[in-house]
Amino acid sequence: METHFEREIIQDESIWFIAEDRYDKLWLYEGKTVAILQVIPELCHLNEYYLISKKVQWLLCEDHHDMLHLSGQPIIDRWMRYESP
């Protein structure tokens, strides 16, 4: 699920990670961004996940349809710069 762009647009060293498993149970973790992004592809029963700034300035979600959702101007601005040609 994790793609290269997440490494580019998430600049925080530590973040909150919320994972929803196939039983709709939510798991909350705090950790280093690099480590969390390495673990996400290994979570085969992951339904949805959320990456959240520890200062709650932004939120990134990838849902069960593989759709990306962004909230918060800092992450939206970085996404727009990443997507620009």
Side-chain angles (χ1 to χ4, degrees):
M1 288 180 138
E2 183 263 327
T3 57
H4 178 71
F5 78 87
E6 289 172 329
R7 294 181 192 271
E8 297 294 322
I9 66 172
I10 297 176
Q11 298 174 349
D12 303 53
E13 184 178 340
S14 296
I15 58 174
W16 296 105
F17 172 53
I18 300 175
E20 180 183 354
D21 66 21
R22 65 182 174 182
Y23 303 110
D24 298 326
K25 188 171 186 177
L26 296 174
W27 301 85
L28 172 65
Y29 300 94
E30 174 185 3
K32 301 289 183 190
T33 302
V34 173
I36 290 171
L37 294 178
Q38 289 174 343
V39 167
I40 290 172
E42 305 298 324
L43 301 173
C44 58
H45 299 295
L46 191 61
N47 195 16
E48 297 184 352
Y49 69 89
Y50 305 83
L51 304 174
I52 305 165
S53 148
K54 288 182 67 180
K55 294 182 180 179
V56 194
Q57 296 174 325
W58 57 263
L59 175 142
L60 180 151
C61 170
E62 186 171 350
D63 68 18
H64 59 281
H65 298 291
D66 295 327
M67 296 287 296
L68 184 68
H69 306 272
L70 304 171
S71 179
Q73 205 58 51
I75 199 89
I76 292 169
D77 290 344
R78 288 193 294 270
W79 170 256
M80 297 300 285
R81 283 194 299 273
Y82 179 80
E83 283 293 299
S84 295

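Phe17 is listed as a side-chain neighbour of Ile40, based on a closest heavy-atom distance under 4.5 Å. Contact check for Leu43 versus Asp21: no side-chain heavy atoms found under the 4.5 Å cut-off. Counting heavy atoms from C-beta on, the side chains of Tyr49 and Asp63 never come closer than 4.5 Å. Residues Glu48 and Glu62 have side chains not in contact (no heavy-atom distance under 4.5 Å, counting atoms from C-beta outward).
Annotation: Glu13, atom CD; neighbour count of heavy atoms from other residues, nucleotides and ligands within 6.0 Å does not exceed 12.
Follow the hydrophobic side-chain contacts under 4.5 Å out from Ile15 and you reach Trp79 in the same cluster. Side-chain heavy atoms closer than 4.5 Å link hydrophobic residues (I, L, V, M, F, W, Y) into clusters, and following such links, even through other members, never connects Val34 to Tyr50. Residue Leu59 is not grouped with residue Leu37 when hydrophobic side chains (ILVMFWY) are merged at heavy-atom distances under 4.5 angstrom, including chains of intermediate members.
Taking all atoms of both residues into account, the shortest heavy-atom contact from His69 to Met67 is CD2-O, 3.6 Å. Of all heavy-atom pairs spanning Ser14 and Thr33, the tightest one is N-OG1, 3.9 Å.
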Give the C-alpha distance, both sets of side-chain angles, the deciding distance and a yes or no for side chain to side chain contact (heavy atoms under 4.5 Å, CB included) between Trp16 and Lys54. CA-CA 6 Å; Trp16 296 105; Lys54 288 182 67 180; 3.6 Å; yes

Test side chain to side chain contact (heavy atoms under 4.5 Å, CB included) on Ile36 and Lys32 and set out the steps. CA-CA 6 Å; Ile36 290 171; Lys32 301 289 183 190; over 6 Å; no

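The pair Glu20-Lys25 does not count as a salt bridge, with every side-chain nitrogen at least 4.0 angstrom from each carboxylate oxygen.
Each of Ile76, Leu70, Leu51 was evaluated against Trp58; a single residue qualifies, Leu51, per the side chain to side chain contact (heavy atoms under 4.5 Å, CB included) test.
Note that the CD1 atom of Ile52 and the CD1 atom of Ile75 stand 11.5 Å from one another [nearest 0.5 Å]. Taking CD of Gln57 as the reference point, atom CG of Asp12 lies at 7.5 Å (rounded to 0.5 Å). Between Leu68 atom CG and Cys61 atom SG the span is 8.0 Å, to the nearest 0.5 Å.
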